[in-house]
Amino acid sequence: MAAGLAVMLAGCGTAASTSASAKNHPVTITFDAMEYSAAANKFFPKFAQEFEKLHPNIKVKVRVINWAAGQQVLNTEIGGGNPPDVAIIGTRWLPGYVKDGLIQPLTSFMTPSFAHEFYSAALNSVKYNGVQYSLPEAMSVRLLIYNKNLFKKAGIAGPPKTWTQLAADAIAIHKKTGQSGYALVGSQVETSLDYWYTMWGFGGNILKGTKGTANSPADVKALQFLVNLIHSGGTQPSVTASTRSGLEPVFASGKIGMMIDGPWLVPLALANKIPIGVANIPSQPGVAAANPAITDSFVMFKNSHEKASWEFAKFMFTKSVRAYFDKAEGMLPTMSLDGSEPYFRNSPEFSPYLKALAGSTRFEPVVPGFQSVSLAYTNAVEAAYSGALSPQAALNQAEPKVTAALKK
Amino acid sequence: MYLLPAIALIGLAVGYPIVHIVEMAFGNVNTFGTIMGPNGFQNFIGLWQSGFPIVIRNTAVWTLGILIPTVVLSMALAYSLSLPIRLQPLFRTLSIVPWAIPLTIVAIWGSMAFNALYGQVNTVLLDLHLISHRVGWLATGKTSLPVMILIGIWVSVPFTTLTLLGGIQAIPRDILEASSIDGARGFERFARIVVPLIRNSLQLVVLINLAYIFNSFPIIWVMTQGGPAYSSATVTTFVYQLAFTDGQFGFAGAAALLAFLVLIGVALGYVALYRKSEGSLL
């Protein structure tokens, strides 16, 4: 017994003296990454390993989280007093986290030369209240992708420039080919964004200052237009059971004439030998056209390992990491990636999107409560698509919810 | 005294969540689930305005819509399987197959079969000229709820049948023989002799199914997520959505508390009813 105790004590002594003699204090930082696709489960840990090789004193614990559960997981971690040190988040969540005092502003860390490596539109899209709280992680522009086969069969010369024309084309495709004309998302979280494509094209806005404008005449007109399109057979059947990720394979198999989506849909369609074209999103006459763009945010939570966290952040925004990520996930570069530029410029999947990025774009507003704003829209739009409420009544219900969410 | 550890464990495991739900229902809860202070009845008012009345109606339709057909069908099946028919073991095995498939897989299969664009259900109905165009089964609560109820019945029947079959097999043979000597035949024998004698099993399946169906989550969540606009949501999916999609933990706590009270009330009422009429199970 006594001997055993002595051995144990001796063991403790050795361990303690070893750690004390180590001059470098190793730190462990946690990184909450999002699962853009199945590949993310491999490449995010791989990036972390490469980083650890370069920085032997920093260990990175990677958690790859499903996007759908992302905010829930993060909130649970924060609520339990265990937030990550660095994380990828939806830019929609950023203002809320900033208001709760959780996010470290990057102003003091960023050197002008580092900032200069980013495209300014990308960098500006993840600012909140004019402060750089995050780095632009993944950027996509949404454009109108159309099936040239179906267009030809329906006798349509080129992509529509206005929504009125899009409706006529969509109905023609359905009548002449029997396939669906326009892919409309009407189920779950992306319903709101998919509706905003049209709403913006009709001259509507999500908010004006701190007030919601969900039931403005332009909004009601846009929603009525889409409801009419559903009833006249211009969309796929069963709109309110269709998610974006559910529609993508249907479009890629050649059964839908037009769909608004990001660059990742292009290779899916090309893999099935579907000839496609990519065009700007339509807008009504007199309304300035702008293609919607989305960026995710790479943030540093306030923590006690700021130096190590920032080292890791810088590593994640080196050219090799960026190029690997963008190619793997079909995202647009947020940094000027000299070496791989021709790849992006010449690929059929990226080139129209890169061109669109140089033109007029529109990002979602970065305001607190945007998640609730989006939810209010989703519920209203779903109610109108399914016929439960008229467009006017549905948007009238949404408007006070939007305004209340913005005030929170 | 020996029971103390067990009581403490049960108290912690069952009691604490209930206390926490009450705290949340009457508290001002932030998006991280932390209670910031009292909030009176504000959560209940907010819950009501978020579409809770539709959800209550859906929950009643969902629960009774599955429970009643399940019990009736299972009774018929259990009785048939108890009769000395040919290939009886084969039929008994087949009847438990739906039970062996995980609910999530059943739900994924259901959402594919009832998909408007490529689902087999539309294809078959179109070929039989029973419908003229593809129907969006899951696109409105009016059609998706009945579809999901059908699937719910399909997965609830096996367990219920097995339990009732056990009840029927426990009936002493001499009673059945005596009744047939006295001239009890067919449906009469079933209604007058068998049903009263398996009252205990019946109570059990009604109570277990009631709680199970009321709380059921996977079928609805996988097939429609309660949408569009909550038209196919039940209390369970609604609570999940409020808490984890919308970040409204206070509303979710209020809804969970109401659901808990209703379920406890129904269960106690049911037990009391059966105690009165000589039921002896609980």
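As a basis for the values below, the full set of heavy atoms in this structure was taken, side chains included, without hydrogen atoms, waters or symmetry mates. First the proteins, then the strands, lettered A, B, ... as listed; each starts at 1.
- Atom CD in B:Gln248 sits 8.5 Å away from atom CG in A:Leu375 (nearest 0.5 Å).
- Taking non-hydrogen atoms and a 4.5 Å limit, the residue list of residues 137-147 of chain B in contact with chain A, ordered by number, reads B:Leu138, B:Ala139, B:Thr140.
- With sequence neighbours left out, A:Gln71 forms a side chain to side chain contact (heavy atoms under 4.5 Å, CB included) with A:Asn75, A:Trp93, A:Tyr97, A:Gln371.
- A pairwise comparison of heavy atoms in A:Asn379 and B:Ala229 identifies O-CB, 3.5 Å as the closest pair.
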Donor-acceptor pairs under 3.5 angstrom involving side-chain atoms of residues 45-54 of chain B: please list them, not counting sequence neighbours.
residue : atom : partner : partner atom : Å
B:Ser50 : OG   : B:Gly46 : O            : 2.7

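- Only the side chain of A:Ser180 comes within less than 4.5 Å of a heavy atom of chain B; its backbone N, CA, C and O stay farther away.
- Summarising the local packing, NZ of A:Lys407 is surrounded by 12 or fewer heavy atoms from other residues, nucleotides or ligands at distances under 6.0 Å.
- Proximity to chain B (any heavy atom under 4.5 Å) is shown, for A:Ser386, by both the backbone and the side chain.
- Around atom CZ of B:Phe217, more than 12 heavy atoms belonging to other residues, nucleotides or ligands sit under 6.0 Å away.
- By the 6.0 Å contact criterion, CH2 on B:Trp99 is open, its count of non-hydrogen atoms from other residues, nucleotides or ligands being 12 or less.
- When each of B:Pro228, B:Ser231, B:Ala243, B:Gly136 is scored by its heavy-atom pairs under 4.5 Å with chain A, the top score falls to B:Pro228.
- Using a 4.5 Å heavy-atom cut-off against chain A, the contacting residues of residues 104-116 of chain B are B:Ala116.
- Looking at A:Ala388, neither its backbone nor its side chain comes within 4.5 Å of chain B, counting heavy atoms on both sides.
- At most 12 heavy atoms of other shown residues, nucleotides or ligands fall within 6.0 angstrom of atom NZ in A:Lys255.
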